[in-house]
Amino acid sequence: MKDDDQLAPQGLRGLHALSAFFIGFFVLLHMTNHLVGLGGQETHIAFMAQARQIYRQPYVEVALVGLILWQVGSGLFMLARNLTRIKGVAAWAQALSGGYLALFLLVHVTAVIAGRAAFGLDTDFRYAAAGFFAAPWHWFFAPYYFLGVLALFVHVGCAAYWNVGASRPMLGATLLGGFAGLGALFAGLIVMALSGALFPVAIPAHYLAPYGQ
Ligand code: HEM
């Protein structure tokens with residue numbers, strides 16, 4: 001895959017990048033929430049209560065879910081279109097991270113909506129962490145969340161790579177490697193926090209009910 005035709009056509013790529021820019025505001029807040037939450041369950045919940053004042057507005061949530069559907073749909077369309085032409089480490093990293101991110105986002109947002117609408121749960125830290133305390137579900141949630149955060153960072157790193165990589169390949173590769181390394185570190189820490197490896201985690205019984213426990 002050459003630089004000038006990656007993820008063609010150009011217009012679709014531009015709209016994919018534009019919606020990523022808007023989704024990015026939420027994702028930045030959301031990742032900050034998880035990093036602040038490394039300080040403890042209560043810290044995570046307190047930060048989310050503040051952050052929700054911004055994104056738990058009906059028009060913000062509808063716009064966010066709409067943008068995510070567009071992001072996933074346009075991403076999968078470009079992936080399918082270019083699948084046979086993918087060549088090189090950066091192009092494969094972009095395709096694999098994008099493909100996983102699309103799958104992750106569909107499952108993740110559906111789970112959040114189901115948690116609120118079907119199970120009547122407050123989808124805070126306890127909802128995210130419950131799966132780690134409902135064996136054997138921890139075998140699913142540890143790689144699922146780890147790869148979700150890693151894929152996000154790798155995908156952003158790929159965008160940085162394509163933007164500078166054509167003219168300065170060493171800088172592009174360093175940026176991609178840096179994003180991937182940081183993503184793996186954050187992903188590991190977040191999974192450790194959710195699983196109770198960093199601080200004690202308390203999960204009320206009704207959060208375990210959806211797992212039949
Ligand atoms: C370990 C990783 C993650 C965990 C534990 C996690 C957990 C959560 C939780 C608990 C919520 C509900 C928030 C609320 O009720 O206010 C949520 C919502 C959401 N998350 Fe994540 N998340 C993770 C990673 C990600 C990533 C990597 C993305 C995007 C690339 C993402 C995108 C979203 C979106 C779009 C929502 C829905 C917001 C809404 O409409 O209310 N999450 N997540």
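We use all heavy atoms of the structure for the numbers below, so side chains are in, but hydrogens, waters and symmetry mates are not. Numbering of ligands and ligand atoms starts at 1, following listing order.
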Could you tell me how the ring of [X] sits relative to the ring of [Y]: parallel (under 30°), tilted (30 to 60°) or perpendicular (over 60°)?
X	Y	answer
Phe104	Tyr144	tilted
Phe125	Phe199	tilted
His108	Tyr145	perpendicular
Phe179	Phe153	tilted

Number the atoms of ligand 1 from 1 as they appear, then name those within less than 4.0 Å of a heavy atom of [X], with their elements.
X	result
Ile190	1 (C)
Val149	1 (C), 2 (C)
Arg116	41 (O)
Leu105	29 (C), 30 (C), 32 (C)
Asp124	10 (C)
Met31	24 (C), 25 (C), 26 (C), 27 (C)
Leu194	5 (C)
Met48	13 (C), 14 (C), 16 (O)

**OP:** Evaluate whether atom CH2 of Trp137 has more than 12 neighbouring non-hydrogen atoms of other residues, nucleotides or ligands under 6.0 angstrom away.
**Re:** no

From [X] [atom1] over to [Y] [atom2], what is the distance, rounded to the nearest 0.5 angstrom?
X	Y	atom1	atom2	answer
Arg56	Ile54	CZ	CD1	13.5 Å
Phe133	Tyr207	CZ	OH	14.0 Å
His30	Ile23	NE2	CD1	12.5 Å

**OP:** If you have a sec, read the angle at atom 21 (Fe) of ligand 1 from His108 atom NE2 over to His30 atom NE2, to 10 degrees.
**Re:**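 His108 NE2 and His30 NE2 form an angle of 170° at atom 21 (Fe) of ligand 1.
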
How far is [atom] from the closest protein heavy atom, and which atom is that?
atom	value
atom 4 (C) of ligand 1	His34 NE2, 3.2 Å
atom 35 (C) of ligand 1	Ile68 CD1, 3.1 Å
atom 39 (C) of ligand 1	Glu61 OE2, 3.5 Å
atom 37 (C) of ligand 1	Phe26 CZ, 4.2 Å
atom 10 (C) of ligand 1	Thr123 O, 3.2 Å
atom 16 (O) of ligand 1	Tyr55 OH, 2.6 Å
atom 28 (C) of ligand 1	Phe104 CE2, 3.9 Å
atom 11 (C) of ligand 1	Val112 CG2, 3.7 Å

Original post:
Does ligand 1 have any atom sitting under 4.0 Å from a heavy atom of Tyr127?
Top reply: no

**OP:** Answer yes or no for Phe146: is there a heavy-atom contact with ligand 1 below 4.0 Å?
**Re:** no

Original post:
Does any non-hydrogen side-chain atom of Met31 lie less than 4.5 Å from one of Val27?
Top reply: yes

Subject >> Working for salt bridge (Lys or Arg N to Asp or Glu O under 4.0 Å), residues Asp122 and Arg52 >> reply: CA-CA 12 Å; Asp122 184 349; Arg52 279 176 176 173; 2.9 Å; yes

**OP:** Compute whether any side-chain donor of one residue and acceptor of the other, for Gln94 and His155, lie under 3.5 angstrom apart.
**Re:**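 His155 and Gln94 do not have a side-chain donor-acceptor pair below 3.5 Å.
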
Original post:
Should Glu61 and Arg116 be marked as a salt bridge (Lys or Arg N to Asp or Glu O under 4.0 Å) after you check the CA-CA gap, both sets of side-chain angles, and the distance that decides it?
Top reply: CA-CA 13 Å; Glu61 289 201 302; Arg116 283 159 64 174; 3.0 Å; yes

Original post:
Does the N or O separation between Tyr145 and ligand 1 drop below 3.5 Å for any pair?
Top reply: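 By distance alone, the answer is no.
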
Original post:
For ligand 1, is there an N or O atom under 3.5 Å from any N or O atom of Arg56?
Top reply: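 For ligand 1, there is an N or O atom that lies under 3.5 Å from one belonging to Arg56.
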
Original post:
Phe22 and Phe26: aromatic ring centres closer than 6.0 Å?
Top reply: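 They do not qualify: ring centres at least 6.0 Å apart.
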
